[in-house]
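Letters A, B, ... are given to chains in the order of the sequence lines, protein chains preceding strands, and every chain is numbered from 1.
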Amino acid sequence: MVEVSVRNTDGPAREEAEGPGPRLLHGLRAYGLIVAMWVRSTMAYRTSFVLMAVGNFLTSGLDFVAILLMFSHIDALGGFSLPEVALLYGATSTSFGLVDLFLGNAERVGRRVRDGTLDSLLVRPVPVLAQIAADRFALRRLGRVVQGLVVLVWGLARADIAWTPVDVVLVPVMVVSGAGIFAGVFVAGAAFQFWACDASQAQNSFTYGGTTLLQYPPTVFSRELVRGVTFVVPLAFVNWLPALRILGREDPLGLPGWVDFCGPAVAAGVIALSGLAWRAGLRSYRSTGS
Amino acid sequence: MGVGDRDEGFIELDGVEKVFDVRRKAGFLRRERHQVRAVDGIGFTVPRGEMVGYIGPNGAGKSTTIKMLTGILVPSGGRLRVAGIDPSRERTRLARRIGVVFGQRTTLWWDLPLRDSYGLVRRMYRIPDARYRANLERCVDLLDLGALLDVPVRQLSLGQRMRGDIAAALLHDPEVLYLDEPTIGLDVVSKAKVREFLREVNAERGTTVLLTTHDLTDIEQLCKRVMVIDHGRLVYDGGLDGLHAAGESERTLVVDLERELPPIEGVAGARTVKVEGPRQWLAFAAGQSAAPIVAAVAERYPLVDLSVREPDIEAVIAKMYAQRSGM
């Protein structure tokens, strides 16, 4: 069999030229419409929804059960106590859960590119990303967010923290900008699938793989890896750097203190870059035969 | 109103090209690159309110043209306007004014009942309530969708789904309707229903319709004008009658003889094109009557059975293209 890979030669398939502000609102409105419809159709089967949400809560909690089991044999992991690890775990799980809830279906884009069903999204008067992200919106994924929040709150309550007003503000900022960074990674991964339709596994190693990595203290990993997730794919800003400040610990790379507050800026940067990647991906879309 | 918005050149293409870069695996890491010209310099205009058939064999560039007209694909060259809008530059703005139906796949939400899909379409296109209700009622009525509104799309048959798709494409009163193979795979009853509906939409609403199809009957029943594309070039643009003449199309007389015989010879106006056991195929010009040929064969050969086959569109087009490349 001859494998034929095809690349488009040119050109922008641009979204409506209204400037970024109105376009964003337009996209959010469309996203809301589609999400609302999926939620309504899910709520037609309430029992099933409740069971699925509980199931989601429990399965996503298994990761933490593994950590609990580990701590039944040890007192500290890489110098971190159980509540401290719980803080790390809860923060990244909540951020990741939020993105998985709101953008999780963006990873389907590869399949849509492969089978050409992206065509039908392109002929509608709303941004494609909003349509893709909202497609099959599954409210049951709220289970993971709740589970992450429960562990986060427990960790914050039990860990030995000298609370300052800055720390108090840093907690929600950490969760939100962490979600922003994951969102950027999700969108960039989705954009990459325009060129490599089967890339969702590569994307998963950064998303699911990333959140699993961030559940553990940076001290248990090699410096090279920590450097990689700080400077290359800036996942360290999701929870490690802000959490280390809240816990009053040094970061293993010895970065200046202000870096701990860069989460929002890093998130904005990652989102901007992924937006550009998405546009480029959409431009290179070549549809399928017939 | 822009210049291109005039009714005469409602859809306007001038020297439009689409070139794909194809890379073929030629070794472990080696890739051979070459270019495929899917659409190779096409130009035509469609006035507002016209219903045009766009036909050609597989891979001729029909769908690629439609995808450029909707803004899904960006032309590699040439000029293209729909209602004065450059589709690929202002895809979303154009989307409000066009309706698209892909015969091969649905634009509806697979897991949702038709009713919910339509509701979502209404909000996406911001269709005023009264207009939405009137349009939906009309589509439900004419396309016989009443019993299907609460059925999830995935449970619909192909014909039901197609009707559902056509209705969805018309709820926002598009000025142009593109239909890519709207009758593919449908049974005779569904085909008739779809054609009837399209005719009415075109006549009553003045919707401009561009239709690609493999089924010549679609064209015969719906379109006064037909465009034929092959190898990315427009090879014919005119009335349907002219098509057979231009293609010098032939009909085929299939005769079953009593036994295997050498190819039939000496029948005026016909030539034997194929022999398979006792069955033989004779080609003759489409404009000519079959009667004298049948008589001539029956007179000299032991005839058991016979049938006449009409020229099929693929053959007409193939011939047309062969002529052009021979020029």
* For residues B/T107 and A/S120, report the shortest heavy-atom separation together with the two atoms involved. => CG2-CB, 3.5 Å
* To do: Check the surroundings of atom OH in A/Y208: do more than 12 heavy atoms from other residues, nucleotides or ligands lie under 6.0 Å from it?
  => yes
* Structure fact -> Taking every heavy atom of B/L120 against every heavy atom of A/L33, the minimum-distance pair comes out as CD1-O, 3.8 Å
* **Intermediate values then yes/no, side-chain contact (heavy atoms from CB on, under 4.5 Å), A/V123 and B/Y178** => CA-CA 11 Å; A/V123 300; B/Y178 302 113; over 6 Å; no
* Give a yes or no on whether A/F192 atom CZ has more than 12 heavy-atom contacts from other residues, nucleotides or ligands under 6.0 Å away. => no
* **CD1 on A/I34 to CH2 on B/W109, rounded to 0.5 Å** => 6.0 Å
* **Per-residue contact mode, A/L118 against chain B (heavy atom under 4.5 angstrom)** => neither
* Asked: Considering only heavy atoms from C-beta outward, does the side chain of B/D111 approach that of A/R136 to under 4.5 Å?
  -> yes
* Under 3.5 Å: donor-acceptor pair, side chain of A/R29, backbone of B/M124 -> no
* Is the NZ or CZ atom of A/R112 both under 6.0 Å from the centre of the six-membered ring of B/W110 and within 45° of that ring's axis? -> no
* Is it the backbone or the side chain of B/T64 that comes under 4.5 Å from a heavy atom of chain A, or both, or neither? -> neither
* Structure fact -> When every non-hydrogen atom of B/A95 is compared with those of A/R124, the smallest separation belongs to CB-C, 3.7 Å
* Asked: In Å and rounded to the nearest 0.5 Å, what is the CG to OG distance from A/D119 to B/S63?
  -> 9.0 Å
* Asked: Would you call B/T92 and A/R23 a side-chain contact if the rule is heavy atoms closer than 4.5 Å?
  -> no
* **Top of B/L112, B/V121, B/T70 for chain A proximity - count of heavy-atom pairs under 4.5 angstrom** => B/L112
* Output, in order, the C-alpha distance, side-chain angles, deciding distance and verdict of side-chain contact (heavy atoms from CB on, under 4.5 Å) for A/V128 and B/R91. => CA-CA 11 Å; A/V128 174; B/R91 196 190 69 234; 3.6 Å; yes
* Answer yes or no: are there more than 12 heavy-atom neighbours, outside B/Y125 itself, under 6.0 Å from its atom OH? => yes
